[in-house]
Amino acid sequence: MSRSSRSRSRQRCNRSGFTVIEVMMALAVMVVGATALVGLQQLTTRANTTSREMSTATQIMQTWLERLKLDALQWNAANVLTNTDYLQTVDGTWIVPSVVGTQSPAFDHWGRDLAPIVDANTRFCMSYRLTWVFSGEAMRADVRVYWPRKAQGAHLATDFASCGPSAQANLAPGTATAARYHVIYASDVLRWTPLRTL
């Protein structure tokens with residue numbers, strides 16, 4: 001074999017492998033890509049959790065709007081609210097309803113009523129506000145459901161004591177604690193239902 005053919009053969013062998021720098025660059029690209037995928041997975045998990053919480057809170061809110069509508073069926077005379085469980089205070093203040101049977105203002109992680117209320121299991125709280133649309137004949141019912149943001153979960157036990165007045169005070173706009181919570185609202189109009197005789 002001639003010298004020139006041996007040198008050509010050696011050059012081909014040198015070109016067929018990868019250098020250490022090429023391998024390190026390929027590994028660096030793979031690490032960056034894997035890191036991005038892990039970050040995306042964490043973001044997706046957080047988004048799924050938030051979505052589930054929002055769905056549960058919406059279900060709770062709808063349940064309480066239906067309870068208020070059902071309670072309004074007992075309102076069968078204009079300006080007479082004594083037959084109702086929840087509609088007796090129409091003054092525009094937020095009300096935390098008391099436990100009536102299995103109906104509660106506190107809910108667990110799955111959106112189930114906590115009756116009796118067990119503070120350690122409380123994940124969601126609700127309150128409602130009633131204002132007159134037409135005095136004595138139609139009222140607006142606002143329902144809000146609130147729960148702590150994930151990073152603020154440690155405050156749950158102290159802030160959510162029975163979903164009572166201390167929890168309500170934490171929601172006041174401008175307070176340092178208001179940013180700890182997610183809050184959703186819904187409204188409906190309730191009317192009195194006249195009794196019909198046959």
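Side chains are part of it too, since the values below use all heavy atoms of this structure and drop only hydrogens, waters and symmetry mates.
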If the plane angle is over 60° it's perpendicular, under 30° parallel, otherwise tilted; pick one for Tyr146 and Tyr181. perpendicular
Taking the side chain as everything from C-beta on, heavy atoms only, tell me whether Val90 gets closer than 4.5 Å to Met139. yes
Before giving the answer on salt bridge (Lys or Arg N to Asp or Glu O under 4.0 Å), spell out for Asp142 and Arg144 the whole-Å C-alpha distance, their side-chain angles and the decisive distance to 0.1 Å. CA-CA 7 Å; Asp142 300 314; Arg144 72 178 173 191; over 6 Å; no
With a 4.5 Å cut-off on side-chain heavy-atom distances among I, L, V, M, F, W and Y, is there a chain of contacts connecting Met61 to Val100? yes
Report yes if the side chains of Tyr185 and Ser187 come closer than 4.5 Å at any heavy-atom pair, otherwise no. no
Leu68/Leu87 under side-chain contact (heavy atoms from CB on, under 4.5 Å): CA gap, chis, key distance, verdict: CA-CA 8 Å; Leu68 293 174; Leu87 307 181; 4.1 Å; yes
So do the side chains of Trp75 and Asn83 get within less than 4.5 Å of each other, counting heavy atoms only? no
Verify the cluster assignment for Leu190 and Trp132: are they in a single hydrophobic cluster under the rule of side-chain heavy atoms below 4.5 Å apart? yes
At what distance, to the nearest 0.5 angstrom, does OG1 of Thr44 lie from CG of Asn48? 6.5 Å
Counting C-beta onward and ignoring hydrogens, is there a side-chain heavy-atom pair between Ile95 and Ser127 closer than 4.5 Å? no
So, taking the atom named CE in Met54 and the one named OG1 in Thr49, what distance separates them when rounded to the nearest 0.5 Å? 13.0 Å
Would you say Phe107 ends up clustered with Leu114 if hydrophobic residues are merged whenever their side chains have heavy atoms under 4.5 Å apart, either directly or through other cluster members? no
Under 4.5 Å between side-chain heavy atoms, hopping through other hydrophobics if needed: is there a path connecting Trp192 to Val189? no
Starting at OG1 of Thr56, measure out to CD of Glu53 and round the result to the nearest 0.5 Å. 7.5 Å
Which value, rounded to the nearest 0.5 Å, describes the distance between Lys69 atom NZ and Thr193 atom OG1? 12.5 Å
From the list Gln103, Met126, Arg67, side-chain contact (heavy atoms from CB on, under 4.5 Å) with Pro97 holds only for Met126
If you count the non-hydrogen atoms of other residues, nucleotides and ligands that lie under 6.0 Å from CG in Leu37, is the total more than 12? yes
If every non-hydrogen atom of Phe124 is compared with every non-hydrogen atom of Asp108, which pair is closest and at what distance? CD1-O, 3.4 Å
What I'd like to find out is whether the side chain of Tyr128 reaches to under 4.5 Å of the side chain of Pro105, using heavy atoms alone. no
Heavy-atom nearest pair, Pro148 first then Arg123, reads CG-NH1, 3.4 Å
Separation between CG of Leu81 and CG of Asn76, rounded to the nearest 0.5 Å: 10.0 Å
State yes or no: do Trp64 and Val96 share one hydrophobic cluster built from I, L, V, M, F, W and Y residues joined by side-chain heavy-atom distances below 4.5 Å, directly or via other members? no
Check whether any side-chain heavy atom of Thr19 sits under 4.5 Å from a side-chain heavy atom of Val23, and report yes or no. no
Please report the closest heavy-atom contact between Asp113 and Ser104, naming both atoms and the distance. OD1-N, 2.9 Å
Taking it one step at a time, do Thr122 and Cys163 satisfy side-chain contact (heavy atoms from CB on, under 4.5 Å)? CA-CA 8 Å; Thr122 302; Cys163 294; 3.8 Å; yes
Near Arg191 CZ, under 6.0 Å, is it more than 12 heavy atoms from other residues, nucleotides or ligands? no
Could you walk me through whether Met30 and Met25 pass side-chain contact (heavy atoms from CB on, under 4.5 Å), step by step? CA-CA 9 Å; Met30 284 178 49; Met25 290 298 287; over 6 Å; no
State, yes or no, whether a side-chain contact exists between Ile184 and Trp147 at a heavy-atom distance under 4.5 Å. yes
If you define the side chain from C-beta out and look only at heavy atoms, does anything of Gln88 sit under 4.5 Å from Thr84? yes
Using the side chain to side chain donor-acceptor pair (under 3.5 Å) rule, take Thr89 and Asp91 through it: C-alpha gap first, then chi angles, then the decisive distance, then the call. CA-CA 6 Å; Thr89 306; Asp91 62 2; 5.8 Å; no
